[in-house]
Amino acid sequence: MAGKAEVEGAGFDTVKLLVAVGLLVAGVIGFYWFSDGSTLFRVLGLLAISGVAVGIVFTTAKGRALAGFLQDSRTEVRKMVWPTRVETLQTSLVVLAVTILVAIMLWLIDMLLGWSIREFIR
């Protein structure tokens, strides 16, 4: 019995997703159709239609799962300990120095290999 309800719900979710995509397509077409109108009103209309489409998507099972994931992500980001400005600067300088050292080393190896091949060809 529950399997049949899930299948019907999945079908209805597909219809909701198709309606949301249709709204977005209609909004974009309307945006360009009324190109002689005010850009402000066109953008506001497109934003309103996009908001309705997103609202419809969040009523589906996948939309609710996405909303839960975004909420969990936000919670995890709040738990993070971000580096201080000094730590960020020091790390960036170390990365820059190592990059320069590796570039110089690769340049020297390239010069050595180029010289050795030139000598070998002669």
Side-chain angles (χ1 to χ4, degrees):
M1 186 78 159
K4 185 177 181 182
E6 288 176 10
V7 171
E8 289 176 3
F12 191 57
D13 281 354
T14 303
V15 171
K16 286 181 183 180
L17 291 172
L18 289 174
V19 167
V21 169
L23 276 173
L24 286 175
V25 169
V28 171
I29 290 172
F31 180 82
Y32 289 109
W33 184 272
F34 297 109
S35 61
D36 56 339
S38 171
T39 304
L40 175 65
F41 291 132
R42 290 172 37 218
V43 169
L44 288 176
L46 186 60
L47 287 174
I49 289 175
S50 298
V52 170
V54 167
I56 291 172
V57 168
F58 279 136
T59 63
T60 65
K62 289 185 179 185
R64 287 188 296 274
L66 176 64
F69 173 74
L70 293 175
Q71 184 64 34
D72 292 342
S73 298
R74 187 174 183 206
T75 303
E76 289 300 320
V77 166
R78 287 182 177 174
K79 292 179 183 178
M80 290 175 58
V81 177
W82 296 96
T84 64
R85 183 179 177 94
V86 173
E87 291 171 336
T88 304
L89 180 65
Q90 289 172 346
T91 305
S92 298
L93 290 175
V94 168
V95 168
L96 182 65
V98 169
T99 302
I100 290 171
L101 286 174
V102 169
I104 291 170
M105 185 181 70
L106 289 173
W107 175 67
L108 290 173
I109 291 171
D110 183 54
M111 295 275 293
L112 177 68
L113 289 173
W115 173 80
S116 63
I117 289 179
R118 274 194 305 273
E119 291 299 318
F120 181 73
I121 291 176
R122 288 186 190 172

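Start at 1 with the first residue, then count along the sequence.
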### Task
Is it possible for you to say whether Tyr32 and Ile49 belong to one hydrophobic cluster, with membership spreading through side-chain heavy-atom contacts below 4.5 Å?
no

### Task
Look at the side chain of Glu87 and the backbone N and O of Thr84, then say whether any donor-acceptor pair between them is shorter than 3.5 Å.
yes

### Query
Is it the case that one hydrophobic cluster holds both Leu47 and Val57, taking links as side-chain heavy atoms less than 4.5 Å apart, direct or via other members?
no

### Message
On a heavy-atom basis, which atom in Trp82 and which in Val77 lie closest, and how many Å separate them?
### Response
NE1-O, 4.0 Å

## Note on the structure
Distance col, row Ile104:CD1 vs Thr99:OG1, nearest 0.5 angstrom, shows 11.0 Å

### Query
Are any of the side-chain heavy atoms of Asp72 and Glu76 separated by less than 4.5 Å?
no

### Task
Mark yes or no for whether Asp13, through its side chain, and Thr60, through its backbone, hold a donor-acceptor pair below 3.5 Å.
no

### Message
Quick check: closest heavy atoms across Val19 and Ile56, and the distance to 0.1 Å?
### Response
CG1-CD1, 4.1 Å

### Message
Are Leu93 and Val102 linked, directly or through intermediate hydrophobic residues, by side-chain heavy-atom contacts shorter than 4.5 Å (ILVMFWY only)?
### Response
no

### Message
Is there a side-chain contact between Pro83 and Thr91 in this structure, where contact means two heavy atoms from C-beta onward sitting under 4.5 Å apart?
### Response
no

### Query
Is there a path from Val43 to Leu46 through hydrophobic residues (I, L, V, M, F, W, Y) whose side chains come within less than 4.5 Å of each other?
yes

### Value rounded to 0.5 Å, distance of CH2 in Trp107 from CG in Leu112
12.0 Å

### Task
Report yes or no: is the cationic atom of Arg42 (NZ for Lys, CZ for Arg) closer than 6.0 Å to the six-membered ring centre of Phe34, at no more than 45° off its axis?
no

### Query
Shared ILVMFWY cluster between Phe120 and Leu113, side chains joined below 4.5 angstrom?
no

